[in-house]
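What you see below is based on every heavy atom in this structure, not just the backbone, and it leaves out hydrogens, waters and symmetry mates. The first residue in the sequence is number 1, and the count goes up from there.
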Amino acid sequence: MKDKLIVILPRVPYPLEKGDKLRAFHQLRFLAQEFRVYLFALHHGKLNEKEARQKLEPYCEELHIIRRNKAEIVFHMFEAWIKGLPVQCGYFFSNRAKRILKVKAANIKAPYIYCQLIRTAELAKQISGIKTIDYQDVFSKGVERRLQNAPWWLKPVFASEARRLKRYEHHIFEVFDQKTIISKPDRDLIPHPEKEKIHIIPNGVDHDFFTANNKVQKDTDLVFTGNMSYPPNVRSAEFLAHEILPLAHKKKPGLKLMLAGASPHSRVQALQSEFIEVTGWMDDIRDAYNRSKIFIAPMQIGTGLQNKLLEAMSMGLPSITSDLANDALMAEKGKDILIGTDAQSYADHIIKLIEDVGFANKIAQSGNRFVKGRYDWKEASIKLANIIRQKI
């Protein structure tokens, strides 16, 4: 009989509009083949719970969706601040979840516990078993990068949160038996002297799903996808619209850009124009890739491996990104992917790909081979299962 595994997530991993939810969903699919999974997921806000349960229950022995209200969230954020913990750990904490976990875990008697993100670490502390935490990203570095461009009145808040996160990322290392993270560059940023012990578990791509449909007309030139309320994506969208696209228009006046993704921030919505389409949520994100000639992700802040790049390259789109994003991806520059360093270099890459179809096809094909050879959910999840069991 399969071993039992308790999985604790900061969000319900469906729908798949955020990177952490995408990672959790695909890991669940394959962990369910190795373990009897007991899933505990926190939730706040709107949710089609019936649909989420239909998608998740096939992979779970038990599924517990623990809802939180605004008053509870504000209280625990303030409590975390007083205790010197990161405020976001308070945001994702729940006394009700703590009680449910304590009671259920005592009955389940699972030998293994797997937590996603440091946001769930406080909930896992009370449970006995061999514990694995997925840092996934280095939150302290992400906040530090946002600090550089934050309004003056928010800088002290971001600086304080970055310090708290650094301390907590160090502390959590000692609490958990096994640790994972999404990429080597992220691991190198973890503030702990034994960070080399953290296992790298990259994201994958469902290559059968993310396959190009050549029958769809390509009616836009550039596409950038992602959760459009996420600050790094908001900033990238504005960089594209205000700096890169105007330079590209000097040589190709009619170029069109699509900003595709859920929950567009008001600043993203304001970018809508004759040449810029802001789609909002799309039932099938493949439509955005199929309609576009080039994928571009000029990421300037943020950490981790960008799922959007994996999807676009799997769909056969020639892709342009930043050194920051490619540090985690590790594609070969000029062969698998093109790298921009400033607005002009991004614009130059766009013009080159538009004017030289042979070159564009070469980059697209090489990028496609690269992601198919390196990024696979099944392979990554098998490794994760062995880490959870302490076989690695």
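Note that the CD1 atom of Ile387 and the CD1 atom of Ile382 stand 12.0 Å from one another [nearest 0.5 Å]. Atoms OH and CZ, on Tyr91 and Arg119 in that order, are 9.0 Å from each other to the nearest 0.5 Å. If you take CZ on Arg146 and CG on Leu154, they are separated by 9.0 Å, rounding to the nearest 0.5 Å. Here the straight-line distance linking atom CG of Leu117 with atom CZ of Arg11 works out to 8.0 Å at 0.5 Å rounding.
Among the candidates Asp134, Ile133, Ile181, the single residue satisfying the side chain to side chain contact (heavy atoms under 4.5 Å, CB included) test with Ile198 is Ile181. Shown are Glu174, Glu169, Lys197; of these, the side-chain hydrogen bond (donor to acceptor under 3.5 Å, both in side chains) with His192 is made only by Glu174. When the options Gln272, Arg291, Lys256 are evaluated for a side-chain hydrogen bond (donor to acceptor under 3.5 Å, both in side chains) with Glu277, the one that passes is Arg291.
Using modelled atom types and a 3.5 Å distance limit, the side chains of His26 and Arg29 yield a donor-acceptor pair. Gln27 and Tyr114 form a side-chain donor-acceptor contact under 3.5 Å, judged by distance and modelled atom types alone. Counting only N and O atoms by type, the side chains of Lys308 and Asn233 include a donor and acceptor under 3.5 Å apart.
The local environment of NZ in Lys218 is crowded, with over 12 non-hydrogen atoms from other residues, nucleotides or ligands closer than 6.0 Å. Other residues, nucleotides and ligands contribute over 12 non-hydrogen atoms within 6.0 Å of the NZ atom of Lys2. More than 12 non-hydrogen atoms from other residues, nucleotides or ligands lie less than 6.0 angstrom from NZ of Lys155. Within 6.0 Å of the NZ atom in Lys383, the count of heavy atoms belonging to other residues, nucleotides or ligands exceeds 12. A 6.0 Å sphere centred on NZ of Lys184 holds no more than 12 heavy atoms belonging to other residues, nucleotides or ligands. The environment of Lys125 atom NZ is dense: over 12 non-hydrogen atoms of other residues, nucleotides or ligands sit within 6.0 angstrom.
Ion pairing of Arg67 with Glu49 is present here, as a side-chain N (NZ or NE/NH1/NH2) and a carboxylate O approach within less than 4.0 Å. Remark: Lys378 does not engage Asp376 in a salt bridge, criterion side-chain N to carboxylate O under 4.0 Å. At a threshold of 4.0 Å, the pair Arg53-Glu57 counts as salt-bridged, since one of the basic side-chain nitrogens sits closer than that to a carboxylate oxygen.
No donor-acceptor distance shorter than 3.5 angstrom exists from the side chain of His199 to the backbone of Leu384, with no hydrogens or angles considered.
The shortest non-hydrogen separation linking Trp281 to Ala262 is CE3-CB, 3.7 Å.
Side chains of Thr180 and Ile200 form no contact here, defined as non-hydrogen atoms less than 4.5 Å apart.
For Tyr375 and His207, the distance between ring centers is not under 6.0 angstrom.
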